[in-house]
Student: 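Below is one structure. I have some questions about it.
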Number of protein chains: 2
Amino acid sequence: MLTIGKLGTQAGVKVPTIRYYEQIGILPEAERSAGNQRLYSHKALERLAFIRHSRDLGFTLEAIRDLLSLSDKPDQSCSAADAIAKAQLREVESRIARLNALKSELERMVMQCAGGRIADCRVIEVLGDHSLCDSDHRHVEGNQ
Amino acid sequence: MLTIGKLGTQAGVKVPTIRYYEQIGILPEAERSAGNQRLYSHKALERLAFIRHSRDLGFTLEAIRDLLSLSDKPDQSCSAADAIAKAQLREVESRIARLNALKSELERMVMQCAGGRIADCRVIEVLGDHSLCDSDHRHVEGNQ
DNA sequence: CCTAGTGTCTCTAGCAACTATAGGTTCAAG
DNA sequence: CTTGAACCTATAGTTGCTAGAGACACTAGG
């Protein structure tokens with residue numbers, strides 16, 4: 001049995017985050033010691049590692065909730081898990097595409113900065129006037 | 001003079017967001033009509049477009065606050081604005097790198113899903129066991 | 001056995017950057 | 001003059017945590 005601190009260290013998750021996960025119901029309520037401290041089994045460590053790893057991959061806690069409920073019914077088809085992963089993949093690809101557009105625009109901005117006065121600064125100017133973006137690198141509506 | 005609704009439409013920003021920007025002091029308090037409704041000049045539209053555009057580029061509101069205060073003193077050197085843009089560029093590049101790593105891992109996960117039972121599902125398995133990540137595409141600590 | 005120091009407990013509030021809701025007022029069109 | 005859209009304020013909710021306060025539990029040394 002692990003204390004919350006050891007569990008956190010082993011899974012690479014901070015202690016308050018573990019308590020937060022329990023609070024929102026993504027981790028089950030832990031057993032308690034005589035002195036009311038949380039105690040965790042190896043199974044809990046696996047579950048937390050799963051969550052941590054999924055968060056690293058950019059899955060939302062909602063998606064992780066779905067994946068966990070799937071993994072609790074091991075005899076069903078894996079297509080739902082596949083769909084969640086594919087949606088996540090599409091999301092990541094779209095983020096990459098948008099970030100690449102931003103990157104080239106930022107590069108243009110920085111390259112055009114001649115170190116002059118603010119009044120002539122392309123960085124400020126480009127940010128103020130969308131029409132200065134060239135059409136190839138026009139950025140998209142919506143964020144992140 | 002524009003109402004808040006027209007301003008929002010022209011700048012591509014939602015009405016509550018404009019009021020929020022005013023509240024946090026990134027937009028100055030607007031003039032008011034006889035009936036207490038906000039009225040905006042063309043200058044306000046430019047400022048809001050600047051903010052919108054910068055947000056699209058991933059700048060935080062804090063960074064935008066700095067850029068705006070720079071553009072209010074047009075005789076200074078542009079090096080501060082340049083530094084902010086360069087920092088933002090580095091940030092974007094690092095996000096792209098991390099997302100590319102995630103992408104290849106997600107692709108591997110999805111490709112290995114044979115449509116079988118959950119018990120055999122690679123998606124679930126890979127998420128549960130970090131050691132299954134191959135070393136080339138190991139993902140990084142920290143998120144987004 | 002006591003004590004010091006760390007770890008843990010609960011609860012609450014805060015972060016970014018909005019979004020949504022409620023309940024009321026003002027304005028423009030017909 | 002009435003209707004309905006757009007506006008007003010104020011408050012609370014969102015996501016995924018993080019930080020703080022004040023109290024209790026556990027462990028190692030003397």
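The shown structure was predicted, so the numbers you read here are calculated from the model rather than taken from an experiment.
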Student: Nearest whole Å is fine: how far is C/dG7 P from A/Leu2 CG?
Tutor: 15 Å
Student: Any sub-3.5 Å donor-acceptor pair from A/Ser54's side-chain atoms to A/Phe50's backbone N or O?
Tutor: yes
Student: Please pick, from D/dC8, D/dG16, C/dC18, the nucleotide with the shortest atom-to-atom distance to any side-chain atom of B/Leu61.
Tutor: C/dC18
Student: In whole Å, what is the span from the CD atom of A/Glu29 to the C1' atom of C/dC9?
Tutor: 14 Å
Student: Supply the atom-to-atom distance A/Ile18 CD1 to A/Tyr40 OH, rounded to the nearest 0.5 angstrom.
Tutor: 6.0 Å
Student: In whole angstrom, what separates B/Arg32's CZ from D/dC7's P?
Tutor: 12 Å
Student: Do B/Ile4 and B/Leu39 have side chains that approach each other closer than 4.5 Å (heavy atoms only, starting at C-beta)?
Tutor: no
Student: Rounded to whole angstrom units, what separation is found between the CG atom of A/Leu7 and the C1' atom of C/dT8?
Tutor: 14 Å
Student: What's the NZ-P distance between A/Lys14 and C/dG7, to the nearest Å?
Tutor: 16 Å
Student: Please tabulate, one pair per line, each protein N/O and nucleotide N/O from nucleotides 4-6 of chain D that are separated by under 3.5 Å, including the distance.
Tutor:
none

Student: Between D/dG16 atom C1' and A/Leu27 atom CG, what is the distance in whole Å?
Tutor: 14 Å
Student: Expressed in angstrom and rounded to an integer, what is the separation of B/Phe59 atom CZ from C/dA17 atom C1'?
Tutor: 17 Å
Student: Whole Å only: how far is the CD1 atom of B/Ile18 from the P atom of C/dA20?
Tutor: 15 Å
Student: By nearest heavy atom, map B/Thr60 and B/Asn36 onto DNA chain C; which one lands nearer the 5' end?
Tutor: B/Thr60
Student: Going by the rule side-chain hydrogen bond (donor to acceptor under 3.5 Å, both in side chains), which residues pair with A/Glu22 if we only count those two or more places apart in sequence or in a different chain?
Tutor: A/Arg38
Student: 5'-most contact on DNA chain C: B/Ala34 or B/Glu62, nearest heavy atom basis?
Tutor: B/Glu62
Student: List in numerical order all residues of residues 19-26 of chain A for which some heavy atom is under 4.0 Å away from an atom belonging to DNA chain C.
Tutor: A/Arg19
Student: Please tell me if B/Arg38 has a side-chain N or O lying less than 4.0 Å from either OP1 or OP2 of D/dT9.
Tutor: yes
Student: With the side chain of B/Ser33 defined as its heavy atoms from C-beta on, choose the nearest nucleotide among C/dC9, D/dG16, C/dC27.
Tutor: C/dC27
Student: For D/dC17, does either OP1 or OP2 sit under 4.0 Å from a side-chain N or O belonging to A/Arg55?
Tutor: yes
